[in-house]
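Let me begin by presenting the structure, written as structure tokens, before commenting on it.
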Protein chains: 2
Amino acid sequence: MSAGDSDGVVDADVAVIEGGTLPSARVPLDRERILTTAVQFIDEHGLLDLTMRRLGAVLGVEAMSLYRYVPGREELLDGIVDTIVGEMYDDENVIEAPQDGWPDFLQRLAHGVRRIALAHPVAFPLVASRPPEAPWLRPPLRNLHWVESFLTGLIDEGFSDKAAVAAYRAFTSFLLGHLLLEVSSLGADVGPLDVLESGENESEDLADYPVVKRLSGALAEDHSAVEFEESLESLLDRIALLRQTAD
Amino acid sequence: MSAGDSDGVVDADVAVIEGGTLPSARVPLDRERILTTAVQFIDEHGLLDLTMRRLGAVLGVEAMSLYRYVPGREELLDGIVDTIVGEMYDDENVIEAPQDGWPDFLQRLAHGVRRIALAHPVAFPLVASRPPEAPWLRPPLRNLHWVESFLTGLIDEGFSDKAAVAAYRAFTSFLLGHLLLEVSSLGADVGPLDVLESGENESEDLADYPVVKRLSGALAEDHSAVEFEESLESLLDRIALLRQTAD
DNA sequence: ACCTGAACACCGTTCAAGT
DNA sequence: ACCTGAACACCGTTCAAGT
């Protein structure tokens, strides 16, 4: 944190104007700037602090101005989800269609989603928990483009329609469960419960649960990365069986 | 819904007094009554409508009275999670320790969690997404009692400490992913986005995604129950391998 | 002992008005 | 065209006061 931009100080007046028309004029709002700023704000301050009024302030504007670009707070949150998931377009390791077989294709897609989860640990629960608008937009793969790629890729690789759909379901619920638990173990999450009061509290609570107490060290260890790889491998094995299933 | 208790009408005055001391006196508040009422309220009206003031009104009391029993809204939500997860104590099909082998034990536990998820489809995302307080309370198994049972049960059945912990991780992330997607497909969720505007909107949106469009029928089909069974079976196979792994 | 009234510092959202 | 001031109907929370 440098001294200039810390702690919510609004320095929109100092913002570099890209078009370069009116040097000292305030750069006008637009939807994309609102959304990227909101994502950044959540990652820094948490979801609970994201308020129309505060987001406006960060953008150097009154809250009411936001309503010209986004219909309300709920739609703002939906836009944030789109923005985050959309980041996967920039990931060169995620490909549009299988090149080295469908397992490689799904591996890349899974790792792409994991990367955006780890890049936005605080905002990711939003991707996971906003109500899906349709059964073909299951979290965390909430992007029609990638769902289309997923299904097309598998069908081109010999999956039946039914098998491709079943694979989509298994793939998404695997990613959702694993990644939600992985980012939540990273600490940040909804709710300002940052009261990790250490001391005798812990040992006292666990007195009635001797096995949990004995294994608490092991339970606290983070093996997310290898568990992700192994579970993904096992999922791909399971999907391989789906592929061979007759309709 | 009978005519008397519908639609948020407060009839606390008519409440039956169990102790039977003062017949016409208002039955006093207590933490449990607050929490069970809150769970019911969420299931009926959604999380967004649950407000300290409204919850108070349902209980026939001003919002400020709640603070005598719960420190604030965040802690109210934590209490709601405890209440919901605690319902599994009443489930006779969930057992404390393996009787017919660990796979049967875990099957019962998994189905118990699924039952509470389906019983509270609107409130369940809260169980899934509240920030865990410790690494041994991974959603959705956020109850020290059941975590203790889980670990003890597996260790008694021949799992090493490490294998039991690994099984705990795999088991919870499976349940979280599957159940969160299952209840969210049931419609209700956070956010008042009940704008399922039918019409040409859908087909228009899907014009650029022909495969999704072609499979949209199949994608909308609900096979949650059989998918749960099959995925659980596969998970148990995976856990069986863990059991045989040397430390 | 238990609940409330009044108050404070916030929210999201609207709309007529400013520039 | 874009933003704002003022207002409305709410929030969570505190605290002295009522019974």
Side-chain angles (χ1 to χ4, degrees), chain A residues 8 10 12-13 15 17-19 21-22 24-35 37-38 41-42 45-80 126 130 190-195, chain B residues 8 10 12-13 15 17-19 21-22 24-35 37-38 41-42 45-80 126 130 190-195:
Chain A
V10 182
D13 293 331
I17 297 178
E18 293 136 310
T21 35
L22 297 174
S24 68
R26 194 160 284 182
V27 39
L29 233 42
D30 64 273
R31 195 164 198 276
E32 189 180 328
R33 196 154 65 90
I34 291 175
L35 291 176
T37 306
F41 187 94
I42 293 178
H45 302 91
L47 181 58
L48 259 62
D49 282 357
L50 181 75
T51 244
M52 298 299 278
R53 294 172 123 109
R54 281 213 262 262
L55 179 57
V58 171
L59 289 159
V61 114
E62 300 296 320
M64 312 85 197
S65 311
L66 302 176
Y67 287 85
R68 190 162 290 271
Y69 304 93
V70 65
R73 188 176 194 266
E74 291 299 315
E75 293 81 1
L76 174 69
L77 297 181
D78 289 337
I80 289 169
L126 215 51
R130 290 249 94 201
V190 54
L193 304 183
D194 25 87
V195 280
Chain B
V10 183
D13 293 332
I17 297 179
E18 292 137 310
T21 35
L22 295 174
S24 69
R26 193 160 285 181
V27 39
L29 233 43
D30 64 272
R31 193 162 198 278
E32 189 179 330
R33 196 154 65 91
I34 291 175
L35 291 176
T37 306
F41 187 94
I42 293 178
H45 302 90
L47 180 58
L48 259 62
D49 283 355
L50 180 74
T51 245
M52 297 299 279
R53 294 171 121 109
R54 280 213 263 261
L55 180 57
V58 172
L59 289 159
V61 112
E62 299 297 321
M64 313 84 198
S65 311
L66 302 176
Y67 287 85
R68 189 163 290 272
Y69 305 93
V70 65
R73 189 176 194 264
E74 291 298 315
E75 293 81 1
L76 174 69
L77 296 180
D78 289 336
I80 289 169
L126 216 49
R130 289 250 94 201
V190 53
L193 304 182
D194 25 90
V195 281

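In what follows, every heavy atom counts, from backbone to side chain, and hydrogens, waters and symmetry copies are set aside. Proteins get letters first, then strands, A, B, ... in listed order; numbering begins at 1 in each.
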Phosphate contact (C:dC11 OP1 or OP2) by A:R54 side-chain N/O below 4.0 Å: yes
Pairing of B:E75 and B:R31 as salt bridge, 4.0 angstrom limit: no
Whole-Å distance separating the CG atom of A:L66 from the C1' atom of C:dC11: 14 Å
Sugar-phosphate, base or nothing in reach of A:M64, heavy atoms under 4.0 Å: base
Nearest-Å distance for atom pair CG/P, residues B:D49 and C:dG12: 16 Å
d(CZ, A:R53; C1', D:dC3) in whole Å: 15 Å
Of the listed nucleotides D:dT13, C:dG12, C:dG5, the one nearest the side chain of B:M52: D:dT13
Between D:dC11 (P) and B:L48 (CG): distance, integer Å: 11 Å
B:S65 vs C:dC2: side-chain N/O to OP1/OP2 distance below 4.0 Å: no
Under 4.0 angstrom between B:T51 side-chain N/O and D:dC10 OP1 or OP2: no
Sugar-phosphate only, base, or nothing, as touched by B:R68 at under 4.0 Å among non-hydrogen atoms: base
Main-chain N/O of B:R33 paired to B:T37 side chain as donor or acceptor, under 3.5 Å: yes
B:R73 CZ - D:dT14 P separation (whole Å): 15 Å
A:Y69 side chain near D:dA1 phosphate (N/O to OP1/OP2, under 4.0 Å): no
